[in-house]
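Here is the structure we will look at, set down as C-alpha cells.
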Amino acid sequence: MASLLSIVVLLAVAYSGFCEKVFLQRAGKEFNSRQYRSVLTVNNGEKFGDWTWPEICPDNFFAVGFSVRVESKPHGGDDTALNGIRLICSQDESRSFLYYIESHTGYFGEWSHPQYCPSGVLTSFQIRVEPHRGMLGDDTAVNNIKFRGSSNPMLEAAGMDWGEYGFWSENCTNGGICGIETKMEDYQWELDDSTLNDVRLFCCDKHQVCSKVSDPKP
C-alpha cells in the first residue's frame with residue numbers, strides 16, 4: 001500500500017510539473033527581425049512615460065499564455081497596480097518548448113501564475129486603466145488586462161480593479177499575437193509612480209505549408 005501511494009504521489013508531481021509549463025528561455029530582442037503583419041493598440045492608455053523596446057516571439061511561435069507583474073497590496077500611499085505583462089510563446093499545440101517576452105517592466109509587485117489558452121493562440125486584448133488623478137492624486141494607470149484567443153476564451157489577468165476597461169483592440173487574423181512593447185514611466189524617486197501606462201501588441205501570420213503537387217501525367 002505504501003508503495004502504491006508513493007507511485008501516485010510521484011505521478012501527481014510529474015503531472016503538476018508538466019502543467020506548470022516551466023519557462024525555458026527569454027526571447028528578449030533576439031528575434032526582433034521577424035516580420036509582423038500589424039500592431040494592435042487601444043485608445044485608453046495613459047500619458048506618462050515613453051515607449052520602450054519591442055520583444056518578438058521566434059519565427060513560427062505565437063503567444064499562447066501570459067502572466068502579469070502586479071503590486072497587489074494597496075499601501076495607502078503610492079500604489080502602482082500593473083507593472084508588467086509577460087507573453088508566453090509556443091510553436092505548436094504540444095507546448096513542449098516555450099519562450100517568453102515582456103519588453104520593459106516596472107520595479108514593483110510579483111509575477112502572477114501563468115494563464116493559458118486551452119487551445120490556439122492569443123488574438124486581441126483590452127486594458128483596464130485608471131485615468132490621471134491630478135497633481136495630488138495617486139496615479140496607477142494600467143490596472144489589468146484581458147485577452148481573447150482563437151478558440152474563443154476570454155482570459156483576465158490577476159490585476160487590480162481601479163479604473164475601467166476600454167474598447168477591445170482589433171483582432172489578429174491568419175495568425176496571432178507574437179510581440180509586445182510597453183509604455184513605462186521611469187521610477188520617480190519618492191514621487192508618484194504610475195509605471196505601466198500603455199501597451200501595444202504585434203500580430204504575425206502563420207506560415208502556410210504547401211503540399212507537394214504531383215507531376216501531371218503525360
Side-chain angles (χ1 to χ4, degrees), residues 21-46 49-70 82-107 111-127 141-142 144-151 153-155 157 159 168-186 195-209:
K21 298 180 176 67
V22 176
F23 301 141
L24 295 181
Q25 187 171 341
R26 180 172 179 174
K29 303 178 186 178
E30 182 177 352
F31 302 99
N32 281 9
S33 60
R34 179 181 181 181
Q35 296 297 307
Y36 56 87
R37 170 189 282 269
S38 61
V39 181
L40 300 181
T41 61
V42 290
N43 63 2
N44 64 324
E46 260 300 330
D50 298 293
W51 289 103
T52 56
W53 63 85
E55 293 187 8
I56 309 291
C57 301
D59 285 346
N60 300 318
F61 280 69
F62 294 88
V64 298
F66 64 94
S67 176
V68 295
R69 185 174 189 176
V70 58
L82 223 63
N83 275 244
I85 301 164
R86 176 178 289 170
L87 300 181
I88 303 165
C89 312
S90 177
Q91 188 172 20
D92 53 41
E93 288 295 334
S94 73
R95 302 182 183 179
S96 57
F97 189 86
L98 302 174
Y99 283 87
Y100 72 90
I101 54 177
E102 61 189 45
S103 188
H104 185 38
T105 65
Y107 306 102
W111 288 102
S112 67
H113 187 79
Q115 298 182 59
Y116 296 90
C117 286
S119 62
V121 298
L122 302 179
T123 56
S124 64
F125 78 103
Q126 177 189 39
I127 56 175
V142 180
N144 211 353
I145 187 167
K146 292 180 182 178
F147 289 94
R148 283 182 178 150
S150 56
S151 56
M154 190 279 291
L155 301 172
W168 284 91
S169 71
E170 293 185 356
N171 196 60
C172 290
T173 57
N174 191 38
I177 292 172
C178 63
I180 183 171
E181 185 175 11
T182 54
K183 184 179 183 181
M184 302 293 301
E185 182 184 42
D186 288 337
T195 62
L196 181 61
N197 273 248
D198 203 351
V199 60
R200 50 195 179 201
L201 304 179
F202 300 83
C203 291
C204 292
D205 289 338
K206 285 187 176 179
H207 295 304
Q208 299 296 319
V209 179

Review point. So, the side chain of Ser169 versus the backbone of Leu40: is there a donor-acceptor pair under 3.5 Å, distance only?
Key: no

Review point. If you measure from CZ on Arg95 to SG on Cys89, what distance do you get to the nearest 0.5 Å?
Key: 11.5 Å

Check your understanding: Would you say the side chain of Phe202 lies within less than 4.5 Å of the side chain of Ile180, judging by non-hydrogen atoms?
Key -> no

Exercise for review: Check Gly65 against Leu122 and note the closest heavy-atom contact, atom names and distance.
Suggested key: O-CD1, 3.9 Å

Point to revise | Exercise: identify the closest heavy-atom pair between Phe147 and Leu201 | key: CE2-CD1, 3.7 Å

Revision key, fill the gap. Interatomic distance, NZ@Lys146 vs CD@Gln126, rounded to 0.5 Å, equals 5.0 Å

Check your understanding: Does Glu93 reach the main-chain N or O of Gly120 with its side chain, forming a donor-acceptor pair under 3.5 Å?
Key -> yes

Practice item. Ignoring hydrogens and angles, tell me if any N or O in the side chain of Asn32 forms a donor-acceptor pair with the backbone of Pro54 under 3.5 Å. Key: yes

Check your understanding: With side chains defined as the heavy atoms from C-beta onward, is the minimum distance between Trp53 and Lys29 less than 4.5 Å?
Key -> yes

Point to revise | Side-chain (Asn197) to main-chain (Thr195) donor-acceptor, under 3.5 angstrom | key: yes

Exercise for review: Quick one: closest heavy-atom pair of Leu82 and Val70, and the distance?
Suggested key: CD1-CB, 4.0 Å

Review point. Which pairs pass side-chain hydrogen bond (donor to acceptor under 3.5 Å, both in side chains) with one or both residues in residues 35-46, sequence neighbours excluded?
Key: Arg37-Asp205

**Study point:** Evaluation steps, side-chain contact (heavy atoms from CB on, under 4.5 Å), between Ile85 and Leu196
**Key:** CA-CA 9 Å; Ile85 301 164; Leu196 181 61; 4.0 Å; yes

Practice item. Ignoring hydrogens and angles, tell me if any N or O in the side chain of Arg69 forms a donor-acceptor pair with the backbone of Gly106 under 3.5 Å. Key: yes

Practice item. Please name all residues satisfying side-chain hydrogen bond (donor to acceptor under 3.5 Å, both in side chains) with Arg148, sequence neighbours left out, ordered by chain then number. Key: none

Point to revise | Smallest separation among heavy atoms of Gly149 and Thr123, with atom names | key: C-OG1, 3.7 Å

Review point. Any chance the rings of Phe31 and Phe61 have centres within less than 6.0 Å?
Key: no

Point to revise | Donor-acceptor contact below 3.5 Å, side chain Ser124 vs main chain Glu170 | key: no

Check your understanding: Does Glu55 use its side chain to pair, donor to acceptor, with the backbone of Glu102 at less than 3.5 Å?
Key -> yes

**Study point:** Residue among Asp198, Thr52, Asn83 satisfying side chain to side chain donor-acceptor pair (under 3.5 Å) with Thr182
**Key:** Thr52

Check your understanding: Looking only at the SG atoms, are Cys178 and Cys57 under 2.5 Å from each other?
Key -> no

**Study point:** Working for side-chain contact (heavy atoms from CB on, under 4.5 Å), residues Gln25 and Phe97
**Key:** CA-CA 9 Å; Gln25 187 171 341; Phe97 189 86; 4.2 Å; yes

**Study point:** Phe62 versus Cys204, closest heavy-atom pair with distance
**Key:** CE2-O, 3.2 Å

Practice item. For Ile101 and Ala27, work out which heavy atoms get closest and say how close. Key: CG2-CB, 3.6 Å

Review point. Within the distance-only criterion (no hydrogens, no angle test), does the side chain of Ser67 pair as donor or acceptor with the backbone N or O of Arg86 below 3.5 angstrom?
Key: no

Point to revise | Nearest-0.5 Å distance that lies between atom CG in Leu87 and atom CZ in Phe125 | key: 10.0 Å

Exercise for review: Could you go through the side-chain contact (heavy atoms from CB on, under 4.5 Å) check for Val121 and Ile177 one step at a time?
Suggested key: CA-CA 7 Å; Val121 298; Ile177 292 172; over 6 Å; no

Point to revise | Donor-acceptor contact below 3.5 Å, side chain Arg26 vs main chain Tyr99 | key: no

